[in-house]
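One structure is given here, and the rest of the page talks about it.
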Amino acid sequence: MQELRLIAPCHFGVEAVLKREIQDLGYEIEKVEDGRITFLGDVDAICRANVFLRTAERILLQVGRFRATSFEELFDRVKELDWATLIPENGKFWVKKASSVKSKLFSPSDIQSIVKKAIVEKLKEAYDVSWFQEDGAEYPIRVFFYKDEAVVALDTTGESLHKRGYRKYTSKAPISETLAAALILLTPWRKERILVDPFCGCGTFPIEAAMIAANIAPGMNREFTAELWTNFIDKKCWYAAMDEAFDGVQDEIEVDIQGYDIDDEMISYARKNAELAGVDHLIHFQTRPVEQLSHPKKYGFLITNPPYGERLEEKNALKGLYHVIGERYKALDSWSAFIITSYEDAEKDMGLKATKNRKIYNGMIKTYFYQFMGPKPPRKKD
């Protein structure tokens, strides 16, 4: 089978998690960059990566990578690429997004226009036509410039991979599904350990944890743009990936995953979302303020996304809120806590020093993933 270069973008700061996920699927990593990983695979890899990767934002098929410092050079280099093997004569193609950082060519709209013209000219020659119907499957194209190097790729995913299909009911500032999964995978939590999110909102952390515990692939209940690319991806590849996903589900497991929120409506939303994800039987949701956070068992995990105070009216309440979080965490015997927030005084107001502090970008917001490591539980005797 032909070896393809695939690119998986991710949130800045979680590249190590995504790298491990790709390697666990059996694919070779070619390059790790800030916010994206390039790996090698065949057409099956396109299907399996879309279905199984929890922390990637989308899967791109790299068509070309080259330097270009003028629009003429960009046109020529794009036209040199073998577009006819990827886009059929009736394919609908357009440059969905272009971005440029530290490059001479910096206008996204001009980059989009030049790339589209170059592909049109190439396909005119390949198919010996002067006009394209473009009434077939969609082939969206993305172009990234960094320090004058361009990456031109086809988007195999469509809607971002954070759209798992289960989050129909949302809060005002939910954490994305892909970032929630990445943060959970950055912790030592395993399905045998207790997990509590005291600010669960619409349920993203508990639901992602339950899906990880039950080995439910995140892409099982959605569609992908490349499913219609039958000119070079056989439908059987998608069926095989889905069969693999369904065969791997272990939803009869016993876990202790809990989500609390002070808002009754959010708990109602969380329960509905968990049901859509097929994990409602694995999570206990309850209306409970953080002041009442407690648990009788030892060695549990707090993983949560408390308010950041991005709105002015919330800032004044943050000091007291984080003090309460710290006090309730200290009362939990031998627990570990993992908190993502942009609030820079979190440690100070909690009265605790984090074991680790990882910088992660939640969209355009710089956040800190504070990791407070508790003791490991004693090993069970055989």
Side-chain angles (χ1 to χ4, degrees), residues 1-10 12 15 18-19 22 27-43 45-46 49-50 56-89 91-129 132 134 137-158 160 225-226 229 231-233:
M1 278 191 177
Q2 182 189 0
E3 187 174 68
L4 306 171
R5 279 181 174 79
L6 302 174
I7 301 169
C10 64
F12 285 89
E15 295 85 358
L18 178 54
K19 178 184 175 182
I22 294 167
Y27 301 115
E28 180 187 344
I29 304 294
E30 184 180 71
K31 195 168 190 176
V32 178
E33 301 167 277
D34 288 343
R36 69 182 183 204
I37 293 178
T38 303
F39 63 103
L40 306 176
D42 52 17
V43 289
I46 293 175
N50 272 299
E57 293 302 306
R58 61 185 64 252
I59 304 301
L60 306 173
L61 169 56
Q62 181 177 305
V63 185
R65 189 169 190 144
F66 50 80
R67 278 183 59 82
T69 56
S70 69
F71 285 119
E72 182 180 8
E73 191 176 10
L74 175 62
F75 181 93
D76 291 341
R77 295 304 302 272
V78 171
K79 194 180 175 202
E80 287 170 3
L81 302 173
D82 191 6
W83 291 100
T85 61
L86 301 171
I87 302 175
E89 189 174 339
K92 181 181 179 182
F93 60 96
W94 73 104
V95 183
K96 187 175 179 71
K97 185 177 180 182
S99 62
S100 179
V101 178
K102 298 179 181 177
S103 300
K104 290 184 176 66
L105 302 182
F106 57 84
S107 165
S109 60
D110 288 337
I111 292 168
Q112 286 172 291
S113 176
I114 295 296
V115 171
K116 168 79 176 188
K117 286 176 183 175
I119 299 170
V120 168
E121 290 306 311
K122 178 68 174 216
L123 292 180
K124 277 182 179 179
E125 293 174 6
Y127 294 119
D128 194 25
V129 295
F132 294 99
E134 293 199 60
E138 296 185 346
Y139 294 79
I141 296 150
R142 290 178 177 250
V143 184
F144 308 95
F145 263 95
Y146 181 67
K147 292 185 177 177
D148 296 324
E149 183 180 62
V151 175
V152 183
L154 283 170
D155 181 0
T156 74
T157 301
S160 171
T225 296
W229 297 359
N231 56 313
F232 74 97
I233 305 178

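These figures come from a predicted structure and were not determined experimentally.
For Ser103 (side chain) and Ser100 (main-chain N/O), no donor-acceptor pair under 3.5 Å exists by modelled atom type. Checked by atom type and distance alone, the side chain of Asp148 pairs as donor or acceptor with a backbone atom of Lys104 at under 3.5 Å. Side-chain atoms of Thr156 do not come within 3.5 Å of backbone N or O of Ala226 as any donor-acceptor pair. Between the side chain of Lys92 and the backbone N or O of Glu138 there is no donor-acceptor pair closer than 3.5 Å. Between the side chain of Gln112 and the backbone N or O of Val95 there is at least one donor-acceptor pair closer than 3.5 Å.
When all heavy atoms of Arg67 and Glu73 are compared, the pair lying nearest together is O-OE2, 3.5 Å. The heavy-atom pair separating Thr225 from Gly158 by the smallest distance is OG1-CA, 3.0 Å. Nearest heavy atoms, Arg58 versus Leu60: CD-CD2, 3.7 Å. Taking each heavy atom of Phe232 and Leu86 in turn, the nearest pair found is CE2-O, 3.7 Å. Listed here is the closest heavy atom pair of Ala137 and Trp229: CB-CD1, 4.3 Å. Looking at every heavy atom in both residues, Arg36 comes nearest to Ile7 through CD-CG2, 4.0 Å.
In this view, Ser113 satisfies the side chain to side chain donor-acceptor pair (under 3.5 Å) rule with no residue, not counting sequence neighbours. For Glu15, the side chain to side chain donor-acceptor pair (under 3.5 Å) criterion is met by no residue, not counting sequence neighbours.
Each of Leu74, Val101, Val151 was compared with Phe145 under the side-chain contact (heavy atoms from CB on, under 4.5 Å) criterion, and only Leu74 meets it.
Residue pairs satisfying the salt bridge (charged side-chain N to carboxylate O under 4.0 Å, His left out) criterion with at least one member in residues 105-120, sequence neighbours excluded, are listed as follows: Lys116-Glu134.
With rounding to the nearest 0.5 Å, the separation of CD1 in Ile141 from CD1 in Ile119 is 3.5 Å. Within the model, atoms CD of Glu28 and OG1 of Thr38 stand 12.0 Å from one another, a figure rounded to the nearest 0.5 Å. Distance check, rounded to the nearest 0.5 Å: CD1 of Ile37 to NZ of Lys19 gives 7.5 Å. Of the inter-residue distances, the one linking Arg77 atom CZ with Ile114 atom CD1 reads 15.5 Å to the nearest 0.5 angstrom. Separating the NZ atom in Lys97 from the CZ atom in Phe144 is a distance of 7.0 Å, to the nearest 0.5 Å. Rounding to the nearest 0.5 Å gives a distance of 11.5 Å between CD1 of Ile29 and OH of Tyr27.
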Open item on the list: What verdict does the side chain to side chain contact (heavy atoms under 4.5 Å, CB included) test give for Leu18 and Phe39, after you've listed the backbone C-alpha separation in whole Å, the side-chain angles of each residue and the deciding distance to 0.1 Å?
Closed with: CA-CA 11 Å; Leu18 178 54; Phe39 63 103; over 6 Å; no
- [ ] I would like to know whether Leu40 and Arg5 meet side chain to side chain contact (heavy atoms under 4.5 Å, CB included); could you show each step before the answer?
- [x] CA-CA 5 Å; Leu40 306 176; Arg5 279 181 174 79; 3.6 Å; yes
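Using a 4.0 Å cut-off between charged nitrogen and carboxylate oxygen, Glu33 and Arg65 count as a salt-bridge pair.
The neighbour count for Phe106 CZ, taken as heavy atoms of other residues, nucleotides or ligands under 6.0 Å away, does not exceed 12. Other residues, nucleotides and ligands place more than 12 heavy atoms under 6.0 Å from the NZ atom of Lys124.
With contacts defined as side-chain heavy-atom distances shorter than 4.5 Å, the pair Gln62/Leu6 does not qualify. Between Ile87 and Tyr127 the shortest side-chain heavy-atom distance does not fall below 4.5 Å.
Under 3.5 Å, the side chains of Tyr139 and Asn231 contain a donor-acceptor pair of N or O atoms.
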